[in-house]
Q: 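Have a look at the structure that comes next, please.
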Amino acid sequence: IKAVPLLLKKRKDFKIIIAGDGDARDELIKLARTEKVEPWVEFRFIVSEQEKVELYQRAWLLVQPSIKEGWGLTVIEAAACGTPAIAARSPGLIESVQDGKTGYLYPYGDLFKMVDLIDRLLSDKKEWGKLSQASIKWAGEFSWDKSAALLESILSVYVIKVIG
């Protein structure tokens, strides 16, 4: 939301959808009013899984400004829908965004860099297409079955080392 006034200096042909529910709900609504960016920001606090997928599919990009994530699940979900991410260079996100390949990372808190990257992706359809295709491929690397098999192989090696 704080980046919207900066982006408005470059372009006006965008809309931001903030989806999901959480503790920051009232604070985000207040911030949008304070920054006077309500026409460009839409809140959808409670969305079904189907609506979430539809939002990812319609989105040109996902912006993930978190200071930390356990794992960038939203980034991988968006990638599976062909939506590249612009994310803060922070724990959890640096593992889920391949900088320059499936999206872009920027220094956490650097709104100017974030806005430059957003504007770049909104302006360059060829670059967006390249990132979109790579995102789909990257997301395909992640599944519960692959994760379970990897964990099983790690545990079996560990058990062999301990016992043997």
Side-chain angles (χ1 to χ4, degrees), residues 1-8 10-99 101-125 127-129 131-144:
I1 292 173
K2 290 181 181 179
V4 173
L6 298 173
L7 188 57
L8 283 167
K10 295 176 177 264
R11 62 187 324 126
K12 301 208 182 328
D13 61 339
F14 67 92
K15 179 152 197 137
I16 294 172
I17 298 175
I18 298 175
D21 201 7
D23 297 338
R25 177 185 200 156
D26 294 337
E27 181 182 333
L28 291 173
I29 293 169
K30 183 178 177 182
L31 183 60
R33 288 183 186 137
T34 302
E35 295 288 335
K36 296 181 172 77
V37 297
E38 288 174 296
W40 289 273
V41 178
E42 178 183 334
F43 292 98
R44 297 210 191 153
F45 288 109
I46 299 175
V47 295
S48 68
E49 285 298 311
Q50 180 180 340
E51 289 172 306
K52 180 170 65 170
V53 170
E54 289 169 3
L55 287 171
Y56 285 143
Q57 290 172 335
R58 286 189 10 232
W60 193 255
L61 57 95
L62 171 81
V63 178
Q64 179 52 281
S66 288
I67 191 169
K68 66 177 180 163
E69 290 287 322
W71 168 246
L73 182 59
T74 57
V75 171
I76 299 301
E77 289 174 338
C81 295
T83 304
I86 295 174
R89 187 178 300 279
S90 58
L93 297 175
I94 58 174
E95 290 85 16
S96 56
V97 176
Q98 294 179 307
D99 194 24
K101 188 172 179 186
T102 65
Y104 295 108
L105 295 168
Y106 67 92
Y108 172 77
D110 187 343
L111 295 180
F112 293 101
K113 183 66 175 174
M114 177 205 292
V115 167
D116 285 345
L117 292 170
I118 292 169
D119 185 49
R120 176 179 170 182
L121 257 186
L122 292 177
S123 300
D124 190 339
K125 290 181 182 180
E127 177 71 4
W128 180 88
L131 295 175
S132 176
Q133 289 302 309
S135 293
I136 293 168
K137 186 176 179 184
W138 173 241
E141 295 295 317
F142 303 96
S143 73
W144 290 114

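The structure displayed is predicted, hence computed values, not measured ones.
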Q: Could you give the distance from CD (Glu35) to CG (Leu6), rounded to the nearest 0.5 Å?
A: 9.0 Å
Q: Run through Ile1, Ile16, Val4 and flag the one making a side-chain contact (heavy atoms from CB on, under 4.5 Å) with Trp40.
A: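 Single pass found, and it is Val4.
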Q: Does a donor on one side chain and an acceptor on the other come within less than 3.5 Å for Thr74 and Glu77?
A: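 No pair is found: no donor N or O on one side chain lies under 3.5 Å from an acceptor on the other.
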Q: Check whether any side-chain heavy atom of Gln57 lies under 4.5 Å from a side-chain heavy atom of Thr83, and answer yes or no.
A: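 In short, these two side chains do not touch, never coming nearer than 4.5 Å.
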Q: Taking atom NZ as the centre, does Lys15 end up with more than 12 heavy-atom neighbours from other residues, nucleotides or ligands that are less than 6.0 angstrom away?
A: yes
Q: Are side-chain heavy atoms of Leu62 and Pro84 found at a separation under 4.5 Å?
A: no
Q: How far apart are the closest heavy atoms of Gly103 and Val97, and which atoms are they?
A: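 Here Gly103 and Val97 meet closest at C-CG1, 3.9 Å.
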Q: Atom CG in Leu122, atom CZ in Phe14: separation rounded to 0.5 Å?
A: 8.5 Å
Q: Is there a donor-acceptor contact under 3.5 Å linking the side chains of Arg11 and Ser123?
A: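 On atom types as modelled, these side chains qualify, holding a pair under 3.5 Å.
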Q: Does the distance from a Lys or Arg side-chain N to an Asp or Glu carboxylate O, for Glu27 and Lys30, drop under 4.0 Å?
A: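 So Glu27 does not pair with Lys30 through a salt bridge.
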Q: One pair to check against side chain to side chain contact (heavy atoms under 4.5 Å, CB included): Gln98 and Trp138. What are the steps and the verdict?
A: CA-CA 9 Å; Gln98 294 179 307; Trp138 173 241; 3.3 Å; yes
Q: Measure the spacing between OG of Ser96 and CD of Glu69 and express it to the nearest 0.5 Å.
A: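 The OG atom of Ser96 sits 8.0 Å away from the CD atom of Glu69.
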Q: Tell me, do Pro65 and Tyr108 make a side-chain contact under 4.5 Å, heavy atoms counted?
A: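 No, every pair of side-chain atoms sits at 4.5 Å or beyond.
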Q: Can a donor-acceptor pair be found, under 3.5 Å and without considering hydrogens, that links the side chain of Thr102 to the backbone of Ala134?
A: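 Checking the backbone N and O of Ala134 against the side chain of Thr102, no donor-acceptor pair under 3.5 Å is found.
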Q: Looking only at heavy atoms, what is the nearest atom pair of Ser66 and Ala88, with distance?
A: O-CB, 3.4 Å
Q: Less than 4.5 Å apart, any side-chain heavy atom of Arg44 and any of Ile18?
A: no
Q: Can you find a pair of side-chain heavy atoms, one from Trp71 and one from Glu95, that are under 4.5 Å apart?
A: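 SC-SC contact between Trp71 and Glu95 confirmed.
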Q: Should we count CG of Asp23 as having more than 12 external heavy atoms under 6.0 Å?
A: no
Q: Just by distance, with hydrogens left out, do Tyr104 and Glu127 show a side-chain donor and acceptor under 3.5 Å apart?
A: yes
Q: Measuring from atom CG of Leu121 to atom CG of Leu61, what distance do you get when rounded to the nearest 0.5 angstrom?
A: 5.5 Å
Q: Please report, to 0.1 Å, the donor-acceptor pairs under 3.5 Å made by any side chain of residues 109-118, with sequence neighbours excluded.
A:
unit_1: Asp110; atom_1: OD1; unit_2: Phe112; atom_2: N; d: 3.3
unit_1: Asp110; atom_1: OD1; unit_2: Lys113; atom_2: N; d: 3.0
unit_1: Asp116; atom_1: OD1; unit_2: Lys10; atom_2: NZ; d: 3.0

Q: Just do the salt bridge (charged side-chain N to carboxylate O under 4.0 Å, His left out) check on Arg120 and Asp124 with the steps written out, would you?
A: CA-CA 6 Å; Arg120 176 179 170 182; Asp124 190 339; 5.7 Å; no
Q: Quick one: pull up OG in Ser135 and OH in Tyr56 and give me the separation to the nearest 0.5 Å.
A: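 Ser135 atom OG to Tyr56 atom OH measures 12.5 Å (nearest 0.5 Å).
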Q: Indicate yes or no: does Arg33 engage Glu38 in a salt bridge with an N to O separation below 4.0 Å.
A: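 Salt bridge: yes.
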Q: With side chains defined as the heavy atoms from C-beta onward, is the minimum distance between Phe43 and Ile17 less than 4.5 Å?
A: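 No. Closest side-chain heavy atoms not under 4.5 Å.
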Q: To the nearest 0.5 angstrom, please state how far the CD1 atom of Ile94 sits from the OG atom of Ser90.
A: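 Result: 7.5 Å between the selected atoms.
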Q: Kindly say whether Glu51 contributes a backbone atom to a donor-acceptor pair with the side chain of Ser48 at under 3.5 angstrom?
A: yes
Q: Using only atom types and a distance under 3.5 Å, with no angle test, would you say the side chain of Asp99 pairs donor to acceptor with the backbone of Leu105?
A: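 Side chain of Asp99 to backbone of Leu105: a pair is present.
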